[in-house]
There are 2 protein chains.
Amino acid sequence: MARKRITPGKIRLAEVAKLAGVSPITASRFFRNPDALSAGKRARVESAAKELGYVPNLAARALASQRTEVIGVLIPSLTNNVFSDVLRGIYDTLDGSRYSIQLANTRYSILQEERLLRLFLAQKPAGLIVTGINQTADSRAIMETVDCPIVQIMELGPTPIDMMIGFSHFDAAKAAIGHLLAQGYRRIGFLGARMDPRVQRRLDGYRAAMTDAALFDPQNIVTTAIPTSVTLGGTLFADLLAKAPDIDAVFCVNDDLALGALFECKRRHMAVPEQMAIVGFNDLEFMASSEPTLSSVRTNRYEMGRNAAAMVIETLEGRRPTEPVVDLGFSVIERQSSARRG
Amino acid sequence: MARKRITPGKIRLAEVAKLAGVSPITASRFFRNPDALSAGKRARVESAAKELGYVPNLAARALASQRTEVIGVLIPSLTNNVFSDVLRGIYDTLDGSRYSIQLANTRYSILQEERLLRLFLAQKPAGLIVTGINQTADSRAIMETVDCPIVQIMELGPTPIDMMIGFSHFDAAKAAIGHLLAQGYRRIGFLGARMDPRVQRRLDGYRAAMTDAALFDPQNIVTTAIPTSVTLGGTLFADLLAKAPDIDAVFCVNDDLALGALFECKRRHMAVPEQMAIVGFNDLEFMASSEPTLSSVRTNRYEMGRNAAAMVIETLEGRRPTEPVVDLGFSVIERQSSARRG
DNA sequence: CAATCGCTTGGTAGCGCTGTCAATATCGGT
DNA sequence: ACCGATATTGACAGCGCTACCAAGCGATTG
């Protein structure tokens with residue numbers, strides 16, 4: 001026969017209730033919905049809890065209430081600056097709230113994403129923040145039946161699972177090319193790495209802009225599945241020059257590639273922007289202080305994280321955002337590397 | 001009187017046990033210690049669990065067993081590349097294991113760190129990974145009484161709380177200065193930002209090396225509490241040149257500052273390394289592909305994360321690492337930016 | 001004055017799992 | 001065939017909290 005498993009020093013809700021002279025359930029209510037208590041009891045429970053240094057047992061709460069206060073976050077990469085900015089926004093918003101974060105790394109694999117999703121959902125998260133709109137059919141189906149707030153971040157699409165915050169990568173790339181065209185550049189190359197769905201859409205935007213201007217030439221495109229890096233930017237740019245020596249500008253799908261291309265230009269004593277204009281994407285901090293300064297497309301990553309977290313919290317608190325789809329936009333930042341031609 | 005709160009569709013351990021024709025406790029053991037079952041029952045429980053798609057309820061497990069399978073990770077910054085590499089190592093190691101990660105951002109504040117530590121510890125984590133050796137006295141005291149594995153990462157110190165993995169920032173900085181001295185540079189400046197404890201120790205290493213060489217001059221040091229950035233690197237370097245126009249080299253406490261200094265040199269048409277040698281710290285990826293390539297001190301951040309997580313797991317599994325303190329070392333990577341003088 | 005209403009408070013049972021110990025099955029040795 | 005030792009299995013209670021219902025209570029109403 002099992003004996004009593006008493007935990008000696010531990011302060012439980014019952015202790016707090018006893019000291020406060022109320023029933024455990026009343027003490028419990030104090031932590032969940034203090035307004036439901038009379039002022040007197042509220043004060044008594046509060047001071048009792050403080051005096052005993054009571055800390056609720058989250059496992060017990062989760063078990064009894066059948067829900068947790070964990071918000072699951074699925075991102076494709078931990079090292080990409082883009083996601084660390086988003087993450088920072090999420091953490092900044094959730095920090096100090098009752099919610100905590102469960103973070104997982106899909107490594108750009110939607111299969112991995114599906115696996116992690118099942119893992120998360122099994123523990124009944126309070127909310128979910130997932131990256132992008134390209135989930136497996138199963139993932140989508142699962143998420144559509146789950147009844148917790150879900151925010152898709154990083155990009156916009158026609159059929160949100162629940163809520164959505166991001167911007168149009170297609171439009172952003174198109175605007176970047178529009179800028180280069182307006183500056184007088186004509187033979188604009190494209191450098192892409194990783195080629196995840198969002199990068200793919202930037203390529204689509206490039207293609208559309210160039211086609212509209214009757215300047216599209218597939219020879220001017222160099223892409224790879226390899227993860228991005230500054231070094232890779234240099235390599236891809238060299239490849240591009242080999243394929244299309246006559247280009248006068250290059251659009252890079254991210255700033256690391258742009259920086260790599262810039263260094264490669266320097267190595268070849270190729271003047272930027274006189275002989276080669278460069279435009280990046282994301283507008284990381286260093287773009288403004290390179291020599292020459294590098295043009296880019298600014299995206300609002302930190303705000304995306306903040307808003308995504310805020311949308312989840314608001315929904316959980318019953319104040320569902322009036323607009324479930326938020327376009328954070330972008331802006332083309334024009335710097336020396338794409339100064340007007342001639 | 002309370003009525004049955006039955007959860008209709010949910011698969012519990014009891015269902016699995018019934019289908020497998022064993023008692024619930026035997027099924028429970030299958031998930032915790034399969035070797036304790038006979039081969040027959042093991043197979044039966046396994047297939048029953050698979051057939052029903054059983055997923056254990058972690059909250060119930062945590063409540064019943066009085067412990068969790070969460071490893072708490074406290075790092076000072078989410079955006080700093082250095083920490084994202086470490087994090088990646090931790091996630092890569094813990095991914096696929098039974099353990100999950102609870103990540104929190106101390107924002108370089110040891111008070112914040114203490115607060116988060118109390119928060120974590122209240123939920124009885126399986127293990128803890130904390131950054132550095134400069135905790136508040138209270139934090140230290142708390143951690144010393146807790147009985148879960150704790151790994152301090154990023155740097156080494158004389159009195160580990162439990163386990164420790166990192167390298168000597170003092171020695172690493174000293175080695176970098178030693179390299180510059182060996183290359184023939186004499187008036188070596190120092191650029192520091194953020195000035196957290198580890199950066200402080202790099203400054204100590206710089207001071208020691210310069211003093212040993214009888215070349216120390218406080219005029220050659222520029223530091224700020226502002227968080228680091230490439231732009232800041234340019235600004236600080238300009239400040240340094242204003243204070244000490246005769247320097248022939250600069251040691252930057254991280255690679256972002258080094259890159260900023262490089263750009264500032266370019267802006268001033270100052271040849272690197274002929275007129276100004278530059279050495280950074282951490283050896284981020286871009287250092288190898290800048291123009292000129294930038295020397296740096298390579299640190300093993302990813303390995304640090306991997307090992308820290310592995311040390312926690314090993315301890316939890318009863319295979320405590322024989323050596324609780326691991327020095328991962330560093331290496332000075334000599335590139336164009338610090339080529340031999342003259 | 002009884003009936004009704006809304007607010008606050010309490011009682012009871014149970015969330016799904018595992019720690020502890022007891023019971024049983026198995027096995028080798030004599 | 002008997003004994004003790006070891007390997008498996010099971011029973012029971014309880015981890016700490018909250019959902020649900022009911023009861024108490026004063027105020028309002030016809």
Side-chain angles (χ1 to χ4, degrees), chain A residues 1-45 48-49 52-69 98 122-124 126, chain B residues 1-45 48-49 52-69 98 122-124 126:
Chain A
M1 184 203 62
R3 82 283 56 103
K4 306 284 179 204
R5 273 183 287 162
I6 28 64
T7 327
K10 183 89 78 32
I11 294 112
R12 295 188 305 284
L13 191 54
E15 271 78 43
V16 176
K18 182 143 62 141
L19 179 60
V22 300
S23 72
I25 190 65
T26 301
S28 167
R29 265 192 278 265
F30 168 78
F31 293 100
R32 290 175 292 142
N33 181 16
D35 294 339
L37 300 205
S38 61
K41 304 224 170 182
R42 185 169 27 213
R44 295 232 301 284
V45 176
L52 295 172
Y54 172 72
V55 182
N57 180 321
L58 264 37
R61 177 179 289 177
L63 179 60
S65 69
Q66 298 283 64
R67 51 197 164 67
T68 64
E69 291 176 343
R98 61 196 306 182
Q123 307 312 324
K124 301 199 188 61
Chain B
M1 185 204 61
R3 82 281 56 106
K4 307 284 180 205
R5 275 182 287 164
I6 26 63
T7 327
K10 182 90 77 33
I11 294 112
R12 294 189 307 286
L13 191 54
E15 270 78 43
V16 176
K18 183 145 61 144
L19 178 60
V22 301
S23 73
I25 190 64
T26 302
S28 167
R29 265 191 278 265
F30 168 77
F31 293 100
R32 291 174 293 142
N33 182 17
D35 294 339
L37 301 204
S38 62
K41 304 226 168 181
R42 187 171 340 140
R44 295 232 301 284
V45 175
L52 296 173
Y54 170 72
V55 182
N57 180 321
L58 265 36
R61 177 180 289 178
L63 180 59
S65 68
Q66 298 282 66
R67 53 197 165 65
T68 63
E69 289 175 345
R98 62 197 303 181
Q123 306 313 326
K124 302 199 190 62

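Below, chain A is the first sequence line, B the second, and so on; all start at residue 1.
- Comparing C:dG19, D:dT9, C:dT9 by their nearest atom to the side chain of B:Leu37 picks out D:dT9.
- The B:Arg61 side chain lies nearest to C:dT18 when the options are D:dA11, C:dC15, C:dT18.
- An OP1 or OP2 oxygen of D:dA19 is reached within less than 4.0 angstrom by a side-chain nitrogen or oxygen of A:Arg67.
- A donor atom on one side chain and an acceptor atom on the other are found under 3.5 Å apart for B:Ser28 and B:Arg32.
- Phosphate contact (OP1/OP2 of C:dG11, side-chain N/O of A:Ser23, threshold under 4.0 Å): absent.
- At whole-Å resolution of the value, CZ in B:Arg42 and C1' in D:dT9 are 14 Å apart.
- Here the C1' atom of nucleotide D:dA11 and the CG atom of B:Leu13 are 15 Å apart, to the nearest Å.
- Both A:Ala27 and B:Ala60 sit near DNA chain D, but only B:Ala60 has its closest nucleotide nearer the 5' end.
- When the P atom of D:dA19 is taken as reference, atom CG of A:Asn33 falls 11 Å away, rounded to whole Å.
- Considering only side-chain N and O atoms, A:Arg32 lies under 4.0 angstrom from the phosphate OP1 or OP2 of D:dA19.
- When distances are taken from the side chain of A:Leu63 to each of C:dC15, D:dC17, D:dT8, the shortest belongs to C:dC15.
- B:Phe31 comes within 4.0 angstrom of no nucleic acid atom, judged by non-hydrogen atoms across all strands.
- Proximity of A:Ser65 to the phosphate of D:dT18: no side-chain N or O atom is located under 4.0 Å from OP1 or OP2.
- Taking atom NZ on B:Lys18 and atom P on C:dC17, their separation rounds to 14 Å, with Å as the unit.
- As rounded to whole Å, 15 Å separates atom P of D:dG14 from atom CD1 of B:Ile25.
- Side-chain contact between A:Gln123 and B:Val55 is present, with at least one heavy-atom pair separated by less than 4.5 Å.
- Computed from coordinates, the B:Glu69 CD to C:dC17 C1' distance equals 12 Å when rounded to whole Å.
- Closest to the side chain of A:Asn57, out of D:dC17, D:dT9, C:dC17, is D:dC17.
- By the 6.0 Å contact criterion, CZ on A:Arg42 is enclosed, its count of non-hydrogen atoms from other residues, nucleotides or ligands being greater than 12.
- A salt bridge does not link B:Glu15 to B:Lys18: none of the charged nitrogens lies less than 4.0 Å from a carboxylate oxygen.
- In this structure, CD1 on A:Ile11 lies 11.0 Å from CG on A:Leu19, to the nearest 0.5 angstrom.
- Rounded to an integer number of Å, the gap from B:Tyr54 OH to C:dG16 P is 10 Å.
- At D:dT18, one or more side-chain N or O atoms of A:Ser28 fall inside 4.0 Å of OP1 or OP2 (strictly under the cut-off).
- Side-chain atoms of A:Ala64 lie closest to D:dG16 of the nucleotides D:dG16, C:dT18, C:dT20.
- Within the structure, a side-chain polar atom (N or O) of A:Gln66 is placed less than 4.0 Å from OP1 or OP2 of C:dG16.
- Residue contacts shown for A:Ala36 are limited to sugar-phosphate atoms, with no base heavy atom under 4.0 Å away.
- Of the possible polar contacts, none joining the B:Glu69 side chain to the B:Ala126 backbone as a donor-acceptor pair under 3.5 Å is found.
- Within the 4.0 Å cut-off from OP1 or OP2 of C:dT8, not a single side-chain nitrogen or oxygen of A:Thr26 is found.
- Among the nucleotides D:dC20, C:dC15, C:dT18, the one closest to the side chain of A:Arg29 is D:dC20.
- Whole-Å rounding puts the A:Gln123 CD to C:dC17 P distance at 10 Å.
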